[in-house]
Amino acid sequence: MKKALLSFAILLSAYAMNARAQYYTYRYDPFRNGDKYIGLSVGMGGWLSGSDFYLHVDDYNTTSPYFGFQAEELSRSIFNPSIMFNYKRVLEGRSVSWANNIHFAFSMWDGEVKGTSTTNPALTFTTKYRNTSLNIADLYYAIIHIGDKVELNVGGGVTIGYNFNPKSTISYSDGREDVETSGGLEFMDLMSATIDFMVGADYRLSDVFSLNCNFIGHPIDFFGLGTPEDENTKGMRGVGEGLFVTKKFPFHLTIGFTYAL
């Protein structure tokens, strides 16, 4: 209950700050008269954190699909696809320009947890899970011009997102029937609010068309800072039936284009 209340308070604060920012942006926005661009980027997501996991099994819950098992290994996909729609505004300068980029992103994240029976090492399980997220980001960064064609981007911002319930499939080595499950119903699992940093580069093909490559890291998620009832699950996301995997420090590496309006 405390965790849900904390999440709700953070969410309200985030929306209040966003509404206040929009108000001041409307009145004082320095980018209002800047150059406008739209774009599309695709890429992959990954993790800069360790592969932490935790399995909580009630010793008396014999109906749990993990009863009598222990988790031993987490592996995450090296290719987690994402797509981003961008709206960029630029204040042009001679050697340094300034940009504001708002993008909407849809991403998918895959992983796999393996474990063994606590009494029979030959009996194993494998859980494959997938989580999808929908995010909106607001980034501010400096554009450093290198010649007439190349631009370097350095800056940061914030991302607010919604994580759809992860789906997972549990398979067993003894041939018993697979178990389909879902998790992440806690409010802190469903929502994310991250501080971001970005580095990247643009290559101008013309005055209106550019190619870009960007790295965006998300080192701090405010919905992972709360104190859960079980300290073992702090900074983790539930994927079903008492299995938790880390959600610390994801990143996106994208390539795409922008077109001047």
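- When ring centroids are compared, F251 and F249 stay outside the 6.0 Å threshold.
- Hydrophobic clustering of Ile, Leu, Val, Met, Phe, Trp and Tyr side chains at less than 4.5 Å, counting indirect connections, keeps F197 apart from I144.
- A distance of 10.5 Å separates OG1 of T194 from CZ of F223, quoted to the nearest 0.5 Å.
- Listed by first and then second residue, the salt bridge (Lys or Arg N to Asp or Glu O under 4.0 Å) pairs involving residues 140-168 are E151-R204 (not counting sequence neighbours).
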Go through the steps for N135 and S192 under the test side-chain contact (heavy atoms from CB on, under 4.5 Å), then give the verdict.
CA-CA 9 Å; N135 304 309; S192 62; 4.0 Å; yes
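- With sequence neighbours excluded, the residues forming a ring-ring contact (aromatic ring centres under 6.0 Å, His included) with Y66 are F125, listed by chain and number.
- Using modelled atom types, no side-chain atom of K247 and backbone atom of V245 make a donor-acceptor pair closer than 3.5 Å.
- Other residues, nucleotides and ligands place no more than 12 heavy atoms under 6.0 Å from the CD1 atom of I78.
- Summarising the geometry, atom CD belonging to E241 is positioned 12.0 Å from atom NE2 belonging to H56; distances are rounded to the nearest 0.5 Å.
- P219 and D196 get closest at one heavy-atom pair: CD-CA, 4.4 Å.
- For residues 47-56, there are no salt bridge (Lys or Arg N to Asp or Glu O under 4.0 Å) pairs, not counting sequence neighbours.
- Side-chain contact, S41 with N86: a donor N or O sits under 3.5 Å from an acceptor N or O.
- Considering every non-hydrogen atom in both A105 and M84, the closest pair reads CB-CG, 3.5 Å.
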Verdict with reasoning, Y37 to N101, per side-chain contact (heavy atoms from CB on, under 4.5 Å)
CA-CA 9 Å; Y37 301 81; N101 189 345; over 6 Å; no
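- Annotation: the span from L55 atom CG to L243 atom CG amounts to 5.5 Å, rounded to 0.5 Å.
- With sequence neighbours left out, the side chain to side chain contact (heavy atoms under 4.5 Å, CB included) criterion links F31 to D29, R89, L91, W98, N100, Y140.
- Taken together through direct or relayed side-chain contacts under 4.5 Å among Ile, Leu, Val, Met, Phe, Trp and Tyr, I220 and L48 form parts of separate hydrophobic clusters.
- Distance alone, capped at 3.5 Å, places no donor-acceptor pair between the T181 side chain and the G240 backbone.
- From R237, atom CZ reaches atom CG of N131 across 5.0 Å, with rounding to the nearest 0.5 Å.
- In plain terms, the two heavy atoms of P121 and T124 that are nearest each other are O-CG2, 4.0 Å.
- Side-chain contact, T169 with D178: no donor N or O sits under 3.5 Å from an acceptor N or O.
- Residues F164 and I83 share a single hydrophobic cluster, defined by chaining ILVMFWY side chains whose heavy atoms lie under 4.5 Å apart.
- Q70 CD to S117 OG: the interatomic distance, rounded to the nearest 0.5 Å, is 8.0 Å.
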Listing, residues 252-261 side-chain donor-acceptor contacts under 3.5 Å, not counting sequence neighbours, or none:
| residue | atom | partner | partner atom | Å |
| --- | --- | --- | --- | --- |
| H252 | ND1 | H218 | NE2 | 3.1 |
| H252 | NE2 | S107 | OG | 3.0 |

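- Shown here are the side chain to side chain contact (heavy atoms under 4.5 Å, CB included) partners of N153, two or more places apart in sequence or in another chain: Y141, I143, M198, D202, N214.
- With sequence neighbours excluded, the residues forming a side chain to side chain contact (heavy atoms under 4.5 Å, CB included) with F104 are I136, listed by chain and number.
- Residues V208 and V90 are members of separate hydrophobic clusters, defined by side-chain heavy-atom contacts under 4.5 angstrom among Ile, Leu, Val, Met, Phe, Trp and Tyr.
- Pairing each heavy atom of S168 with each of Y129, the nearest pair is CB-CB, 3.7 Å.
- By the 4.5 Å heavy-atom criterion applied to side chains, S97 and E92 are counted as neighbours.
- Every pair tested for salt bridge (Lys or Arg N to Asp or Glu O under 4.0 Å) that includes a residue from residues 67-86 fails, sequence neighbours excluded, so the list is empty.
- In this view, Y203 satisfies the ring-ring contact (aromatic ring centres under 6.0 Å, His included) rule with no residue, not counting sequence neighbours.
- S77 pairs by the side chain to side chain contact (heavy atoms under 4.5 Å, CB included) definition with F79, N80, D110, not counting sequence neighbours.
- Applying the salt bridge (Lys or Arg N to Asp or Glu O under 4.0 Å) criterion to D174, with sequence neighbours excluded, gives R176.
- K36 NZ: more than 12 foreign heavy atoms inside a 6.0 Å radius.
- Both I146 and L205 belong to a single network of hydrophobic side chains, linked directly or stepwise wherever heavy atoms of I, L, V, M, F, W or Y lie under 4.5 Å apart.
- The CD atom of E112 sits 9.0 Å away from the OG atom of S171 when rounded to the nearest 0.5 Å.
- Considering every non-hydrogen atom in both P250 and W109, the closest pair reads CB-CH2, 4.0 Å.
- Heavy atoms only, all atoms of each residue included: P166 and G238 are closest at CG-O, 3.4 Å.
- In the hydrophobic clustering, where aliphatic and aromatic side chains (Ile, Leu, Val, Met, Phe, Trp, Tyr) are joined below 4.5 Å either directly or transitively, F244 groups with Y54, M236.
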When you look at F67 and N61, which way does the side-chain contact (heavy atoms from CB on, under 4.5 Å) test go after all the steps?
CA-CA 7 Å; F67 180 76; N61 184 10; 5.6 Å; no
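- I216 is listed as a side-chain neighbour of L139, based on a closest heavy-atom distance under 4.5 Å.
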